[in-house]
Asks: 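Please find one structure pasted underneath; my questions will follow.
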Amino acid sequence: QVQLVESGGGLVQAGASLRLSCAASGRTFSRYSMGWFRQAPGKEREFVATIGWSSGSTYYADSVKGRFTISRDNAKNTVYLQMNSLKPEDTAVYYCAATPRHWAINSYEYDYWGQGTQVTVSS
């Protein structure tokens with residue numbers, strides 16, 4: 001059983017930065033790969049970034065590459081998403097997710113999800 005709680009969302013202007021946090025319950029956090037997804041109104045859930053549990057390797061969607069950074073602190077059972085140079089098209093509900101897989105970039109590969117945190121970027 002894994003519970004995830006996101007925080008750090010808010011309303012910002014284009015070009016600003018935000019850091020999202022996802023706190024996970026349980027004592028096996030380090031054995032899970034973690035991902036960030038987002039969903040804008042009228043759109044399907046979209047992959048944003050992932051970080052593997054075995055190597056810590058990261059991977060990003062082309063739309064956020066160079067602007068977003070995913071990281072994790074296993075001692076704190078927390079994963080982060082640093083978002084820089086935010087654009088209006090980044091506006092969405094952001095979800096963190098966990099999977100026991102070594103590597104996953106598709107939503108159906110993730111088993112646990114947080115409640116989401118709203119990020120709104122004004123033009």
Asks: Under the salt bridge (charged side-chain N to carboxylate O under 4.0 Å, His left out) rule, collect the residues that match up with Lys65, sequence neighbours excluded.
Replies: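 Lys65: salt bridge (charged side-chain N to carboxylate O under 4.0 Å, His left out) contacts with Asp62.
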Asks: With sequence neighbours excluded, give me every salt bridge (charged side-chain N to carboxylate O under 4.0 Å, His left out) pair touching residues 110-123.
Replies: none
Asks: Sort and list the pairs that fulfil salt bridge (charged side-chain N to carboxylate O under 4.0 Å, His left out) and have at least one residue in residues 3-14, not counting sequence neighbours.
Replies: none
Asks: State which residues pass salt bridge (charged side-chain N to carboxylate O under 4.0 Å, His left out) with Glu46; sequence neighbours excluded, sorted by chain then number.
Replies: Arg38
Asks: With sequence neighbours left out, write down each residue that passes side chain to side chain contact (heavy atoms under 4.5 Å, CB included) with Val93, or none if nothing qualifies.
Replies: Tyr95, Gln118
Asks: Which residue pairs satisfy the salt bridge (charged side-chain N to carboxylate O under 4.0 Å, His left out) criterion with at least one member in residues 92-103, sequence neighbours excluded?
Replies: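 Checked against salt bridge (charged side-chain N to carboxylate O under 4.0 Å, His left out) - neighbours excluded - the pairs reaching residues 92-103 are Arg101-Glu109.
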Asks: For residues 13-22, which residue pairs pass the salt bridge (charged side-chain N to carboxylate O under 4.0 Å, His left out) check, not counting sequence neighbours?
Replies: none
Asks: Excluding sequence neighbours, so at least two apart, what forms side chain to side chain contact (heavy atoms under 4.5 Å, CB included) with Gln3?
Replies: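 Partners of Gln3 by the side chain to side chain contact (heavy atoms under 4.5 Å, CB included) criterion, ordered by chain and then number, come out as Ser25.
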Asks: Tell me, which pairs form a ring pair (Phe, Tyr, Trp, His ring centres under 6.0 Å) where one or both residues lie in residues 44-72, sequence neighbours left out?
Replies: Phe37-Phe47, Trp53-His102
Asks: Which residues satisfy the side chain to side chain contact (heavy atoms under 4.5 Å, CB included) test with Ser17, sequence neighbours excluded?
Replies: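 Here the qualifying residues are Gln82, Asn84.
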Asks: Each residue besides Leu11 in its hydrophobic cluster should be listed here, by chain and number; the cluster joins Ile, Leu, Val, Met, Phe, Trp and Tyr at side-chain heavy-atom distances under 4.5 Å.
Replies: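 None; Leu11 is a cluster of one.
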Asks: Please list, chain by chain and in numerical order, all residues satisfying side chain to side chain contact (heavy atoms under 4.5 Å, CB included) with Ser57, sequence neighbours excluded.
Replies: Ser55, Trp103
